[in-house]
Enquirer: 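Starting off with a structure, shown below.
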Amino acid sequence: MIFRSWKLAPTSVKSTLSAAQTLLLLGALLAPAAPAAAQRKAAKSAVKAAPAANVEQRVAALLAQMTLEEKIGQLTQYSGREVTGPVNPRQTDLLNQIRSGQVGSMLNVKGVADTRAIQAEALKARLKIPLLFGLDVIHGYQTVFPVPLGEAASWDLDAIRLSAHVAAREAAASGVHWTFAPMVDVGRDPRWGRVMEGAGEDTYLGSQIARARVLGFQGERLGGTDAIMACAKHFAAYGAAIAGRDYNAVDLSPQQLWEVYLPPFKASVDAGVATFMNSFNTLNGQPATGSSYLQRDILKGQWKYPGFVVSDWGSIREMVPWGYAPTPADAAQKALVAGNDMDMENDVYRTTLAQLVKDGKVDVALVDDAAGRILRKKFELGLFDDPYKFSDLKREKQVLADPQHRTAAREVARKSMVLLKNERNTLPLSAQQRRIVVIGPLAKSKRDLAGSWTVYADTTQIVSMYDGLQQRAGKSAELRYAKGCDITGSSRAGFAQAVEAAKNADVVVLAVGESWDMSGEAKSRVDIHLPGMQEELFQALKATGKPVVAVVFGGRPLIFNQIAEQADAILYAWFPGSEGGHALADVLYGDYNPAGKLPSTFPRSVGQLPLPYTQYNTGRPVTKPGDIRYKSAYIDELNTPRYAFGHGLSYTTFRYDNLQLSQPKLGTGQTAQLQCTVTNTGQRAGEEVVQLYVRDLVASVVRPLRELKGFQKINLKPGESRTVTFTIGPDQLAFYNAQLQWAAEPGEFELMIGSASDDIRQQTKLELLP
Ligand code: BGC
């Protein structure tokens, strides 16, 4: 297999890449890296790539030649797992269907050899329409990047775009045309395992990241051999599943839908996302897959979306158990009428649609429209000009071995890490700490560092935390290891050895967390505490009196109250990917100064959930700590989170001052400039994410205490100052009113600039005039 022959690329990235260097790396990777001949060929195909009008003509001409069954074939997608495996009856059927033009797309087929072989079968069909190969390329393909929630913690749009671009480059070189990513669902309940796949709880940050990811996967336009189609999923509101239970119902007010959940999808449309996927959940009683309101009225109507919508895996036929359709045929009818273009592994369009059309239950114009949308993408990708465009064995080998991909993975991984706590400057580790003991069930783990949705990665190539630290420490420190305990279970058998090792150490680095398969799809948890005996192990180590640095791995915000209160330093590492161990060594040793900020609130207790930072004041706010009688509070827990949205420390410190607002009053349609100066007051260069929050003090609809409306990530040398400017206008002040109109209402607004949602450093008021 091609993957087996791939060698680990050199990863000696010692110095900190600045934002400018990340851009350079992005530029280098975006520039055609192919040899001259390939570049000439690409240029030629770019010229050949049909202009839009030409594509429309070609789609219309092709549709005119197609039978109803062939059109329905284009709407049909199957998983290739059984095609690429041993021969079985299903394979024979599927191959026959492909050869007779009854399949438009395959998922779960990858690699040049396999995709080429199956494409050849599709080209035996009467009209020789090439297949689309789709795959879940979620955070890297072969080179694994941090889980998407971790990447979001970088608040670094160039880094996030770079990650998506590298993933696209590898996938495209490996015969893949299309990823089912990004997941742009806002996720506000960490019990839901799929928060791992998104950009966290915030709409503004999530929209910016959605755009970066779409552009990273697709490039400026489709047709290049290092870009793949992106897919904004899951439309819509899947992240609001009741009680954080996957695949559950969703009940949302129209305001919440429009204000919180839809904007990242709209941002994806604006960025040119090629496809959409609908979702498993219901929205206010109607399965999203059968929702005309979502797919026809909003997406294809109001947003004029030209791409196509694929169902989620089996989500059409799942309308039967939901109790929304009596039969699979009825579900197929409802889905197509509602605007679902492609059937992913439901096997209902191919088996029922033709009859539904013949019976007059489905208008053939809907089939034509759906097939046209899918064919358009095949033309735009250039597959009709060269169905094997993504099937070059030599390019696959070259691209998958590109050492820059590992460099990029390390860079993005260290940017994703969040320093939650650092008492008495416990971190970074110093050269004087010669005896380091590394403890914990995740210290030597490789597989866990990849996280979920990395089925196509070579997980043997992952650098563990222990290996990363060992390489960095070299001969200057003696590294010892003890596992201490497992991730789950109740055994304390390893405690004694771990405590003994700790007693002889200068510092303990404890690697704890959840395992890779405790978050992701179908991985909802009612209890998001650190599992097993890990906190107890921490306490045993803490009792030695040695400084304890906790490195926490997870695909969601976890609860670890004892560590939070007593550890000397805490670094949240998420699941950092292939280069995780190197990136951790960079951060722990201070070769890279951490700058990650939480994209999600970390609660103290599951009982507080959901706990997004966009809380309301209520009519009975708690105004003094402890004063909770007849107040909106809990009698057994604080209202405040453990770590707030936007929180994240650095090895340096930043001062915010000199706030200036260009005008205190704003007329309709005007904008104001809000400025403040940020100074690095510490000893090290560092990055800071300067965050802008806004509160509308009185409105026709009660507004949250604060909402993120802008951010800038800046890099400052010790002593250096920078003036940061935000524009304040309708986009920052408007919201959806009771009539669902997006409008800013006259009155007073609070403008806040800070280092976290609970660390506002400067604030002022602005009045919007009638
Ligand atoms: C998931 C999708 C995914 C699809 C294909 C579904 O179960 O919800 O996000 O893209 O499977 O693997």
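In each ligand, atom 1 is the first atom listed, and ligand 1 is the first ligand listed. Not measured: the values here are computed from a predicted model.
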Enquirer: Within the structure provided, determine whether Met417 and Tyr572 are in side-chain contact (heavy-atom separation under 4.5 Å).
Expert: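 The answer is no; the side chains never approach within 4.5 Å.
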
Enquirer: Would you check whether Met183 reaches within less than 4.0 Å of ligand 1, judged by its heavy atoms?
Expert: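 Not so, Met183 does not reach ligand 1.
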
Enquirer: Go through ligand 1 atom by atom and flag the ones less than 4.0 Å from a non-hydrogen atom of Lys233.
Expert: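 Once the distances to Lys233 are compared, the set is 2 (C), 3 (C), 9 (O), 10 (O).
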
Enquirer: Examine ligand 1 and decide if any of its atoms is less than 4.0 Å from a heavy atom belonging to Glu345.
Expert: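 It does not, in that no heavy atom of Glu345 comes within the 4.0 Å cut-off of ligand 1.
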
Enquirer: Do Tyr238 and Phe280 have side chains that approach each other closer than 4.5 Å (heavy atoms only, starting at C-beta)?
Expert: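 Side chain of Tyr238 against side chain of Phe280, heavy atoms only: contact under 4.5 Å found.
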
Enquirer: Report yes if some N/O of Tyr238 lies less than 3.5 Å from some N/O of ligand 1; otherwise report no.
Expert: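 Between Tyr238 and ligand 1 (N or O atoms, distance only) the closest approach is not under 3.5 Å.
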
Enquirer: Could you check, using the six-membered ring where one of them is a Trp, whether Phe308 and Phe276 have ring centers closer than 6.0 angstrom?
Expert: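 Between Phe276 and Phe308, which both carry aromatic rings, the centre distance is not below 6.0 Å.
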
Enquirer: Of the protein's non-hydrogen atoms, which lies at the shortest distance from atom 7 (O) of ligand 1, and what is that distance?
Expert: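 Answer, as residue, atom name and distance: Glu521 OE2, 2.7 Å.
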
Enquirer: If you count the atoms of ligand 1 from 1 in the order shown, which ones are under 4.0 Å from a heavy atom of Phe180?
Expert: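 Atoms satisfying the 4.0 Å criterion: 10 (O).
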
Enquirer: Output, in order, the C-alpha distance, side-chain angles, deciding distance and verdict of side-chain contact (heavy atoms from CB on, under 4.5 Å) for Glu170 and His405.
Expert: CA-CA 9 Å; Glu170 290 187 354; His405 295 183; 2.8 Å; yes

Enquirer: Any atoms of ligand 1 less than 4.0 Å from a non-hydrogen atom of His234? List them with their elements.
Expert: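 Contacts of ligand 1 toward His234, numbered from 1: 2 (C), 8 (O), 9 (O).
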
Enquirer: Rounded at 0.5 Å granularity, tell me how far CZ in Arg556 sits from CZ in Phe602.
Expert: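 The distance works out to 11.0 Å.
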
Enquirer: Can a donor-acceptor pair be found between the side chains of Asp458 and Gln142 at a distance below 3.5 Å?
Expert: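 There is no such pair between these side chains.
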
Enquirer: How about His165 and Phe217: are their ring centroids closer than 6.0 Å?
Expert: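 Ring-ring flag for His165/Phe217: false, centres at least 6.0 Å apart.
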
Enquirer: Mind checking whether Glu197 contacts ligand 1 via backbone (N, CA, C, O), side chain (CB onward), both or neither, at a 4.0 Å heavy-atom cut-off?
Expert: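 Near ligand 1, Glu197 shows nothing, with every heavy atom at 4.0 Å or more.
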
Enquirer: Measure the distance from atom 11 (O) of ligand 1 to every protein heavy atom, then report the residue, atom name and distance (to 0.1 Å) of the closest one.
Expert: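 Going atom by atom, the protein heavy atom closest to atom 11 (O) of ligand 1 ends up being Asp312 OD1, 3.5 Å.
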
Enquirer: Taking only heavy atoms of Arg194, which atoms of ligand 1 are found under 4.0 Å from at least one of them?
Expert: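 Heavy-atom distances to Arg194 below 4.0 Å select 1 (C), 2 (C), 8 (O), 9 (O).
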
Enquirer: Taking atom types as modelled and ignoring hydrogens, do the side chains of Asp343 and Ser311 form a donor-acceptor contact shorter than 3.5 angstrom?
Expert: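 Short answer, no.
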
Enquirer: For atom 3 (C) of ligand 1, which of Ile138, Asp136, Asp246, Leu107 has the closest heavy atom?
Expert: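 Heavy atom nearest to atom 3 (C) of ligand 1 belongs to Asp136.
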
